[in-house]
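Read the structure below first, then the notes.
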Amino acid sequence: MPSDHALTATGLEKRFGHKLAVAGVDLAVPRGCIYGVLGPNGAGKTTTLRLLLGIIDPDAGERNVLGASRPREVSDRIGYLPEERGLYPSMKAREAIAFMGALRGLDWAEARRRGVEMLEAAGLGTAAGEKIRALSKGMAQLVQLLGSMVHRPELLVLDEPFSGLDPVNQEKLEALILAERDRGATILFSTHVMAHAQRLCERIAIIAGGKRRFEGTVDEARALLPMRAHLVPRS
Ligand code: ATP
């Protein structure tokens, strides 16, 4: 794998029964880039991310993630926000972040210290001592996002991170993603909303029907819109 890429995939395929959910996807995500995977519901975005993370194995194709052909070998260097959100409701926000850091190999006290610091920096300091069950859905989602980045991963994979967030929390999320990129991380996120990609992504891939239909910049995608409108997600 060329060292200037955090992640490459060639010919990824995944079948569930008779359904070919991912039908030969190629991806190359440059290091230090914010990269968007776009596509309508059911396009194959989540399955592609899960293949890249090694949560599921492909039926065909190759992956190389942070230099490893088995992504699970480098899972401590990856942060992941799954599409199904989930934190223990009885944990306080700062403990939830510390817990996620500890799962990725951080010392508990250090993870807790970082969690408090990150909540403060994100303007969520008042939530630190609140139990997850007392937070709004959007706040809990941001806490989970902070938990996915507390171990300072080289690669951050976020599945539909904007969904369910109000405009204020969407702005907080954008700021967090940009700060992670400025720290040197590579960010890969899925969305079905072009506007989110437009504000953040240096490059995007559009997936529809399990196939990659486009790869390039958002401006290049927009130039193709009139001809390929059926492939581009709603904005
Ligand atoms: P969404 O935005 O709705 O989550 P998506 O682009 O992430 O969509 P996927 O969740 O990857 O799409 O699903 C792609 C296709 O594969 C869909 O038709 C889905 O129903 C099917 N699929 C995904 N996971 C499974 C599974 N575990 N078993 C059976 N079919 C699945």
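Counting starts at 1 for both ligands and their atoms, in listed order.
Taking CE of Met91 as the reference point, atom CZ of Arg133 lies at 12.0 Å (rounded to 0.5 Å). The distance from atom CG of Leu142 to atom CG of Leu165, rounded to the nearest 0.5 Å, is 5.5 Å.
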Per-pair distances, 0.1 Å, donor-acceptor, side chain in residues 18-27, under 3.5 Å, sequence neighbours excluded:
| unit_1 | atom_1 | unit_2 | atom_2 | d |
| --- | --- | --- | --- | --- |
| Asp26 | OD1 | Gly11 | N | 2.6 |

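Under 4.0 Å is where a charged nitrogen must lie from a carboxylate oxygen, and between Asp107 and Arg113 no such pair does. Between Glu83 and Lys45 there is no salt bridge, since none of the side-chain N atoms of the basic residue sits less than 4.0 Å from a carboxylate O of the acidic one.
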- Task: May I have the step-by-step check of side-chain hydrogen bond (donor to acceptor under 3.5 Å, both in side chains) for Glu160 and His192, ending in yes or no?
- Result: CA-CA 8 Å; Glu160 294 275 359; His192 56 273; 3.1 Å; yes
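Using a heavy-atom distance under 4.0 Å as the criterion, the protein contacts of ligand 1 are Phe16, Lys19, Ala21, Pro40, Asn41, Gly42, Ala43, Gly44, Lys45, Thr46, Thr47, Glu83, Glu160.
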